[in-house]
Undergrad: 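Mind having a look at this structure? Questions to follow.
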Amino acid sequence: MRNKEVAEKLYELAQYLEILGEMRFKINAYIEAARKIENLPLPIEDLAKEGRLTEIKGIGEGIAKKIIQYLETGKIDKLEEAKQKIPPTLLELLEIPGIGPRGAYTLYTKLGIKSLEDLKKAVEEKKIREIEGFGPKKEENILKALMDRKKKETRRILLGIAYPLSQYVVESLKNNVQIDKIEVCGSIRRMKETIGDIDILVTSNSPEKVMDYFTSMDIVKEVVAKGDTKSTILTNEDIQIDVRVVEPISFGAAVQYFTGSKQHNVKIRELAIKKGFKVNEYGVFDVKTDKRICGEKEEEVYNILDLPFIPPEMREDRGEIELALDGKLPKIVEMKDIKGDTHVHTKYSDGENSILEIVNKCIEFGYEYVVIADHAKSLGVAGGLSIKDYKKQKREIDELNNKFAGKFRIFFGCELNILSDGSVDFSEDELNIFDICLAGIHTGFSQEKKKITERIIKAMKIKEIKIITHPTGRLLGSRDEYEVDLEEIFKEAKNYGKILEINATPERLDLNDINAMQGKEVYGLKFSIGTDAHSLYGLYDMRYGVGVARRAWLTKEDIINTLTLEEFEKFIKD
DNA sequence: GCCGTTTTCGGCCCGACTGTTTTCAGTCG
């Protein structure tokens with residue numbers, strides 16, 4: 001699938017055109033097309049081959065031609081032309097807050113600045129302030145931004161870090177100041193895999209007390225801004241958190257606005273205009289009289305546009321609004337639908353807790369079952385188990401199952417390692433002792449695409465293996481996915497009736513939302529959501545896996561661990 | 001450059017903030 005690659009080219013082209021001062025709407029068209037491709041659950045190259053590119057809303061004749069040219073030759077004429085006009089290193093300047101495309105172009109034409117290096121020199125020589133439209137203040141800000149750059153490179157943080165942190169702030173605020181309503185917004189609420197900053201909205205009678213308390217919390221390293229109704233802090237880990245107090249009458253509209261995504265909101269506002277309304281963060285207004293119509297509750301914003309409430313995780317402008325207009329919004333899976341965890345490690349291998357401890361936690365969650373799936377012997381570093389070890393573990397599981405009979409069920413599983421030749425740790429005969437076998441790649445990530453793909457397919461042919469764990473092997477922020485032909489995997493998974501895992505560990509979230517969406521839409525696959533927990537704490541990661549599933553528009557029926565104990569038992573025997 | 005149960009031409013989201021301005025462009029989310 002070359003979607004990401006093609007999207008990036010179009011984004012790049014848009015950036016060049018922006019700097020060159022091309023018409024805003026033209027640029028937006030490229031960005032919009034790129035975004036569509038990025039979110040497309042089909043390989044763009046297939047659509048191109050079939051001449052169906054213009055079926056995608058936002059791609060017309062012009063962009064379709066450019067995509068085809070890129071796919072065939074690796075180049076786009078228009079992009080190459082742009083590169084002749086401005087040096088590619090000029091794009092670096094856009095990373096500086098306060099310098100946009102117009103600013104970059106001015107700096108280039110007036111001062112010949114071609115890169116961050118040049119910019120730094122010009123700032124030091126105080127040349128920036130002499131250009132029209134710039135001044136001493138701007139120069140100072142650029143200098144500051146250049147100095148801060150290393151810090152800023154910490155970039156986006158994992159949902160698994162941001163989510164608990166946001167909950168901590170919410171709980172602290174609730175417990176210490178008078179809060180009426182409170183909601184975490186932004187990409188956390190949409191359960192995006194990584195988060196830029198944390199946005200929290202509240203209504204309160206005493207905004208100043210909220211601001212005082214928030215800016216003096218123990219997590220605060222630096223108070224970036226403190227106002228009457230909005231404050232920004234940096235935590236010790238350099239995570240930015242904004243808290244804003246809004247009027248109760250605007251709370252719903254503000255939550256809608258700050259939840260995003262930006263593109264979703266643009267579509268909502270466009271729809272509003274067609275219906276004679278204006279939507280902003282303060283409410284929904286009649287465009288003629290400017291009279292407020294609603295905005296206290298978030299669902300009102302949708303309902304006034306004849307839309308049902310759209311779950312935050314779906315708000316990415318991937319077609320959810322059109323679907324909602326048609327009354328075809330799927331009922332996506334919820335946390336309460338989850339009846340068990342399909343992937344948990346214990347201290348038999350590299351986990352921290354005993355089976356009993358895990359069972360008790362699962363019961364606390366209201367689960368009906370859990371799949372214990374410790375590593376097998378070939379994964380020495382993770383304390384992989386031999387058949388003898390597994391048999392010992394089985395005895396303990398049997399005992400516990402007797403003890404919890406009628407209340408909870410432990411499935412005796414394993415997580416096999418798909419070796420470099422596609423074989424697994426044990427023979428098929430040996431695999432018979434397990435209730436369910438999982439298998440995943442844990443070594444040999446750097447093999448070429450064909451080989452890795454064949455490896456996984458070979459493992460899928462083993463009858464006892466039901467679930468392929470973390471199918472792409474990525475670790476967010478540290479390791480890219482290995483080269484794997486996912487479409488081929490999807491096809492064969494369907495063929496052999498295998499389940500692909502949505503691994504809920506925050507560093508993995510693998511499959512990701514787009515992959516899972518493609519797996520369902522195109523191949524009709526089913527998935528398991530497993531935490532891959534190595535401790536009791538890890539069991540809580542289920543919410544992130546469910547978040548991915550919701551972002552992929554999966555329903556309860558698409559996820560095997562929403563099955564009841566009875567159904568699940570039957571399912572894994574088939 | 002794209003799009004159309006109000007349009008094949010004339011539109012294309014909204015508001016705040018900043019720094020530079022004397023009415024606004026650029027940037028940001």
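All values derive from a computational prediction rather than experimental measurement. Letters A, B, ... are given to chains in the order of the sequence lines, protein chains preceding strands, and every chain is numbered from 1.
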Undergrad: B:dG10 and B:dA16: how far apart are their C1' atoms, nearest whole angstrom?
TA: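 That atom pair is separated by 29 Å.
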Undergrad: Atom CD of A:Gln263 and atom C1' of B:dC12: how far apart are they, to the nearest Å?
TA: 12 Å
Undergrad: Quantified in whole Å, what is the C1' atom distance between nucleotide B:dT8 and nucleotide B:dC2?
TA: 12 Å
Undergrad: Calculate the interatomic distance between A:Leu10 atom CG and B:dC2 atom P; express it in whole Å.
TA: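 Result: 11 Å.
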Undergrad: Less than 4.0 angstrom between a side-chain N/O of A:Asn280 and OP1 or OP2 of B:dG15, yes or no?
TA: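 Yes, because at least one side-chain N or O of A:Asn280 sits under 4.0 Å from OP1 or OP2 of B:dG15.
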Undergrad: Can you tell me, in whole Å, how much space there is between the P of B:dT18 and that of B:dC12?
TA: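 About 28 Å, rounded to a whole number of Å.
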Undergrad: Base contacts versus sugar-phosphate-only contacts with protein, heavy atoms under 4.0 Å: please encode nucleotides 16-29 of chain B as B, S and - from 5' to 3'.
TA: S--SS-----SSSB
Undergrad: To the nearest Å, give me how far apart NZ (A:Lys274) and P (B:dC3) are.
TA: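 Computing the A:Lys274:NZ to B:dC3:P distance gives 12 Å.
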Undergrad: Is A:Lys57 touching bases, backbone alone, or none of the nucleic acid, heavy atoms closer than 4.0 Å?
TA: sugar-phosphate
Undergrad: In this structure, how many angstroms lie between the C1' atom of B:dG1 and the NZ atom of A:Lys66, rounded?
TA: 8 Å
Undergrad: Answer syn or anti for B:dT7, where the cut-off is 90° from 0 on the glycosidic torsion.
TA: syn
Undergrad: Are A:Lys26 and B:dC12 close enough that a side-chain N or O sits under 4.0 Å from OP1 or OP2?
TA: no
Undergrad: Side chains of A:Ser172 and A:Asn175: donor-acceptor distance under 3.5 Å anywhere?
TA: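 Checked: A:Ser172/A:Asn175 side chains show no N/O donor-acceptor pair below 3.5 Å.
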Undergrad: When you look at NZ of A:Lys226, are more than 12 heavy atoms from neighbouring residues, nucleotides or ligands closer to it than 6.0 Å?
TA: yes
Undergrad: Nearest whole Å is fine: how far is B:dC2 C1' from A:Leu13 CG?
TA: 15 Å
Undergrad: A:Glu18 has an atom CD; how far is it from atom P of B:dG1, in whole Å?
TA: 15 Å
Undergrad: Determine the interatomic distance between C1' on B:dG1 and the same-named atom on B:dT6; round to the nearest Å.
TA: 23 Å
Undergrad: With a 4.0 Å cut-off on heavy atoms, is A:Glu61 in touch with a base, just the backbone sugar-phosphate, or nothing at all?
TA: sugar-phosphate
Undergrad: Does a side chain donor of either A:Glu247 or A:Tyr282 reach within less than 3.5 Å of an acceptor in the other side chain?
TA: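 Short answer, no.
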Undergrad: Roughly, in whole Å, what's the span from CD in A:Glu55 to C1' in B:dC2?
TA: 16 Å
Undergrad: Just checking A:Lys65: base, sugar-phosphate only, or nothing, at a heavy-atom cut-off of under 4.0 Å?
TA: nothing
Undergrad: I'd like to know if the side chain of A:Thr259 pairs up with that of A:Arg189 as donor and acceptor (distance under 3.5 Å, no hydrogens or angles considered).
TA: yes
Undergrad: May I ask which nucleotide in the shown strands pairs with B:dT8, Watson-Crick or G-U wobble, both distances under 3.5 Å?
TA: none
Undergrad: Does atom CD of A:Glu80 have more than 12 heavy-atom neighbours from other groups under 6.0 Å away?
TA: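 Check passes, neighbour count above 12.
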Undergrad: Take atom P in B:dG29 and the same atom in B:dT23, then report the distance between them in whole Å.
TA: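 Taking atom P in both B:dG29 and B:dT23, they lie 29 Å apart.
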Undergrad: Could you check whether A:Ile273 gets within reach of a base, just the sugar-phosphate, or nothing at all, counting any heavy atom under 4.0 Å?
TA: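 A:Ile273: backbone/sugar contact only, no base atoms under 4.0 Å.
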Undergrad: Please report, rounded to the nearest Å, how far the C1' atom of B:dC12 is from the CD atom of A:Glu270.
TA: 7 Å
Undergrad: Quick one, A:Glu12 and A:Lys83 - any side-chain contact, counting heavy atoms below 4.5 Å?
TA: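 A:Glu12 reaches A:Lys83 side chain to side chain.
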Undergrad: Does the separation of the ring centres of A:Phe277 and A:Phe285 fall below 6.0 angstrom?
TA: no
Undergrad: Under 3.5 Å, is there a donor on one side chain and an acceptor on the other for A:Gln256 and A:Asn265?
TA: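 Yes, because at least one side-chain N or O of A:Gln256 sits under 3.5 Å from a partner of the opposite role on A:Asn265.
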Undergrad: Considering only atom P, compute the distance from B:dG15 to B:dT21 and round it to an integer number of Å.
TA: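 Nearest-Å result for B:dG15 against B:dT21 at atom P: 27 Å.
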Undergrad: Among A:Lys9, A:Glu5, A:Arg2, find the residue that satisfies the side chain to side chain donor-acceptor pair (under 3.5 Å) test when tested with A:Tyr70.
TA: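 With A:Tyr70 as partner, side chain to side chain donor-acceptor pair (under 3.5 Å) holds for just one option, A:Glu5.
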Undergrad: Determine the contact category for A:Ile59: base if any of its heavy atoms lies under 4.0 Å from a base atom, sugar-phosphate if only primed atoms, P, OP1 or OP2 are that close, otherwise nothing.
TA: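 The residue A:Ile59 makes sugar-phosphate contact but no base contact.
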Undergrad: Measuring only the C1' atom in each nucleotide, how far is B:dT20 from B:dA25? A whole number of Å is fine.
TA: 9 Å
